[in-house]
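Read the structure below first, then the notes.
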Amino acid sequence: MNGRDDDTPGQRATTAADGIGPGVESQQGVEPAHAEPSQARPDQAGRRPVEGAPVRNGPGPGGDIVLEGRGITRDYHVSGGFFGGRKTVHAVRGVDFSVARGKTLAIVGESGCGKSTLARIITLIDPPTTGTLLIEGRPVQISGGRPPRDLRSRVQIVFQNPHGSLNPRQKIGNVLMEPLELNTDLPAAERRDRARGMLEKVGLLPEHFDRYPHMFSGGQRQRIAIARALMVNPAILVLDEPVSALDLSVQAQVLNLLADLQKEFGLTYVFISHDLSVVRHIADDVMVMLRGEVVERGSRDAVFADPQHAYTRTLFAATPVTNLDAIRARVERKASRRRAMQEQVASR
Amino acid sequence: MAPILEIRNLSVSFETSTGAFHAVKGIDLSVDRGEVLAIVGESGSGKSVAMLAVMGLLPDTATVTADVMSFAGRDLKTLSDSERRAIIGREITMIFQEPMASLNPCYTVGFQIEEVLRLHLGMTGRSARTRAVELLTAVGLPEPADKLRSYPHQLSGGQCQRVMIAMAIACNPTLLIADEPTTALDVTIQKQILDLLLSLQEEHGMALILITHDMGVVAETADRVVVQYQGRKMEEASVLNLFEAPQNPYTRALLSALPENATGRRLSTVRDYMDQSAGGAS
């Protein structure tokens with residue numbers, strides 16, 4: 001898996017300019033489980049749709065690129081108040097990225113940097129204003145209508161707040177079966193079996209099936225949200241601050257669960273976070289965003305060892321550390337300031 | 001030197017439909033003048049409830065008992081409401097996690113700061129206005145005079161928290177209680193707010209109680225740390241001792257759950273740790 005992702009000869013290299021249009025290439029032949037063949041399978045040549053080089057300075061070592069964005073932008077039009085007229089907010093400005101199968105790309109940045117907007121684009125909730133999104137090598141264009149069902153189930157999302165993202169009046173079993181109802185034609189008994197099986201996979205019990213969300217703790221609810229996302233066998237999971245609302249010890253459990261699931265299902269993660277210690281733990285590649293632009297990207301080790309952009313360095317400097325030497329130095333600095341102050345008072 | 005705040009055997013329970021719920025179970029706590037004490041714990045550890053009990057801000061359904069609860073030599077348990085009002089908001093102040101929610105959306109920032117000055121110090125008109133500008137300058141808000149006319153929704157989360165801090169230090173309090181003051185903020189803003197709190201604390205010799213769940217924040221701010229779990233105090237130590245040689249199994253578990261202390265791809269969880277120590281004991 002460590003070789004650079006070189007151009008596979010004979011494959012069509014789609015560029016940002018020409019690639020817009022509904023799936024012309026087939027989705028990759030893995031996990032046929034219940035991605036049922038609603039779309040005609042195109043020629044066999046399209047089976048391994050490795051795209052052109054993973055753009056300029058694309059992150060780290062790549063096997064096959066599962067998710068790719070080229071020059072993605074997103075503008076929002078907002079009213080500028082009484083006399084302001086309309087203003088345009090450029091939430092995402094020309095972002096390129098690519099993630100290899102089974103890897104984790106962390107997107108880091110502070111609020112308003114466009115990371116959640118990007119998450120919505122990747123999850124096919126919102127279309128990009130310009131640019132191309134490729135899922136398993138297949139260009140996606142959803143501004144004209146809904147994405148095809150089989151494509152939609154390739155990308156799923158887990159939101160930050162597990163209290164807000166579960167319907168309080170829906171039993172957990174129904175929460176888990178709903179994606180199957182919408183995206184597949186599985187019979188009810190099969191849906192139920194899969195939901196029960198998934199509960200176990202995420203560390204919950206089969207008897208939780210008939211309970212309501214309020215009967216669960218925050219960590220358990222986040223497990224439910226993860227289970228729901230995995231019901232349709234996605235290739236890509238977008239995790240939008242999945243552990244920031246959780247306690248430290250619960251955070252550790254959920255991060256472990258995510259690592260286990262990634263291994264078991266070969267999942268590709270897009271992990272959005274502002275917590276650099278979590279990112280350092282879970283990410284393979286890191287992308288730092290500021291005001292809608294990517295200011296730094298690279299492998300986790302490279303970015304953490306030697307951050308290049310001033311903003312990345314600011315971010316690192318602002319992150320609290322629990323390093324003993326740092327604590328000792330701080331305590332000593334404070335003691336010496338205190339001594340200096342006392343001497344000043346005494347000399348007066 | 002006697003501690004500024006002393007609490008012994010504080011318990012808080014809430015009446016619920018299924019009987020009493022004990023949120024705080026016999027906690028001892030003291031803070032000296034000019035000291036930064038961090039109370040760290042996960043949700044449900046009773047860290048906020050204990051401090052709300054000190055402030056007298058708990059609802060009527062709460063039953064508070066303590067052997068000692070005194071502030072600067074005065075008994076907080078037997079204060080009348082008017083005596084309490086003279087202390088709370090003036091000598092003991094508190095800032096909360098959600099800066100946006102803590103400010104009244106219907107009034108300008110200036111009005112709300114001047115209200116504090118009027119109620120506690122009797123300042124009005126121009127002198128209150130001048131002092132409000134001074135305060136906003138002290139907390140590092142740009143264009144303080146203009147900001148006085150702003151409503152909370154016109155400010156960012158970090159700016160709102162600065163306004164809250166300005167209100168909290170308006171009367172030069174001896175004790176400031178900050179309940180997760182930076183949890184809702186970005187790391188860069190968190191750093192600014194923590195630096196601001198610490199510099200104000202040192203400048204005014206204020207005691208600061210910082211309630212947090214973030215071990216990183218503890219490491220960067222505290223002199224002394226109290227670790228709470230399920231309403232009980234697990235451990236109390238100087239910040240260096242706590243990180244260097246944690247005594248209590250829960251503290252050790254908490255520290256090993258930090259992503260930066262992970263060995264390999266797995267994080268140890270509190271449950272692993274507690275199981276282990278239980279297994280070792282049997």
Side-chain angles (χ1 to χ4, degrees), chain A residues 104 108-113 203 217-219 243-260 262-263 273-283 290 304 311 314-335 337-338 341, chain B residues 34 36 40-45 156-158 182-192 194-195 198 202-203 205 212-223 229 238-244 250 253-262 264-274:
Chain A
T104 301
V108 178
E110 52 193 54
S111 43
C113 75
S217 67
V243 293
S244 7
L246 304 178
D247 274 326
L248 191 56
S249 64
V250 183
Q251 165 179 305
Q253 292 167 12
V254 172
L255 288 177
N256 283 342
L257 172 69
L258 286 171
D260 293 345
Q262 180 167 42
K263 217 182 202 176
S273 181
H274 67 274
D275 187 335
L276 287 168
S277 62
V278 171
V279 167
R280 186 171 206 163
H281 175 71
I282 201 165
L290 175 66
F304 276 89
Y311 175 70
T314 312
L315 217 52
F316 285 4
T319 303
V321 289
T322 53
N323 178 304
L324 279 179
D325 292 333
I327 299 174
R328 202 170 286 129
R330 179 181 67 81
V331 171
E332 270 162 25
R333 272 200 310 274
K334 184 165 182 180
R337 276 201 306 276
R338 207 167 256 189
M341 222 150 81
Chain B
V36 183
V40 63
E42 304 186 75
S43 43
S45 62
S156 70
T182 57
T183 306
L185 305 175
D186 282 321
V187 279
T188 45
I189 312 297
Q190 160 167 294
K191 171 126 180 89
Q192 294 168 10
L194 290 178
D195 286 350
L198 289 181
E202 265 187 59
E203 212 172 293
T212 181
H213 69 279
D214 187 335
M215 294 307 272
V217 169
V218 174
E220 300 244 334
T221 55
D223 298 326
Y229 180 59
S238 77
V239 64
L240 197 55
N241 281 343
L242 188 92
F243 281 92
E244 201 164 30
Y250 175 73
L254 215 50
L255 289 175
S256 63
L258 286 172
E260 54 261 46
N261 292 345
R265 275 243 147 174
R266 277 211 90 68
L267 290 163
S268 21
T269 64
V270 168
R271 200 190 291 161
D272 294 346
Y273 219 96
M274 292 307 208

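Below, chains carry the letters A, B, ... as their sequence lines are ordered, and counting in each starts from 1.
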Just how far is it from atom [atom1] of [X] to atom [atom2] of [Y], taken to the nearest 0.5 Å?
{"X": "B:K191", "Y": "A:L315", "atom1": "NZ", "atom2": "CG", "value": "12.5 Å"}
{"X": "B:Q190", "Y": "A:E110", "atom1": "CD", "atom2": "CD", "value": "12.0 Å"}
{"X": "A:D247", "Y": "B:D214", "atom1": "CG", "atom2": "CG", "value": "11.5 Å"}
{"X": "B:L258", "Y": "A:H281", "atom1": "CG", "atom2": "NE2", "value": "11.5 Å"}
{"X": "B:E244", "Y": "A:R328", "atom1": "CD", "atom2": "CZ", "value": "4.5 Å"}

### Task
Using a cut-off of under 4.5 Å on heavy-atom pairs, state which of B:L194, B:V239, B:V217, B:T221 scores highest against chain A.
B:T221

Nearest non-hydrogen partners of [X] and [Y], listed with the distance:
{"X": "B:V218", "Y": "A:R330", "value": "O-NH2, 4.0 Å"}
{"X": "A:Q251", "Y": "B:P259", "value": "NE2-CG, 3.5 Å"}
{"X": "A:S249", "Y": "B:E42", "value": "OG-OE1, 2.7 Å"}

### Query
Above 12 or not: heavy atoms from other molecules or residues under 6.0 Å from NZ of A:K334?
yes

Under 4.5 Å from a heavy atom of chain B, the part of [X] involved:
{"X": "A:V278", "value": "both"}
{"X": "A:A326", "value": "neither"}
{"X": "A:D260", "value": "side chain"}

### Task
Heavy atoms only, distances under 4.5 angstrom: which of A:L276, A:T314, A:V321, A:L246 has the most pairs with chain B? Name it, please.
A:V321

### Task
Mind checking side-chain hydrogen bond (donor to acceptor under 3.5 Å, both in side chains) for A:T322 and listing every partner two or more places apart, or none if nothing turns up?
B:E260

### Set of side chain to side chain contact (heavy atoms under 4.5 Å, CB included) partners for A:S217, sequence neighbours left out
A:Q220

### Message
Are A:L248 and B:H213 packed together at the side-chain level, in the sense that at least one heavy-atom pair is separated by less than 4.5 angstrom?
### Response
no

### Query
Tell me, side chain or backbone of B:Q192 under 4.5 Å from chain A's heavy atoms, or both, or neither?
neither

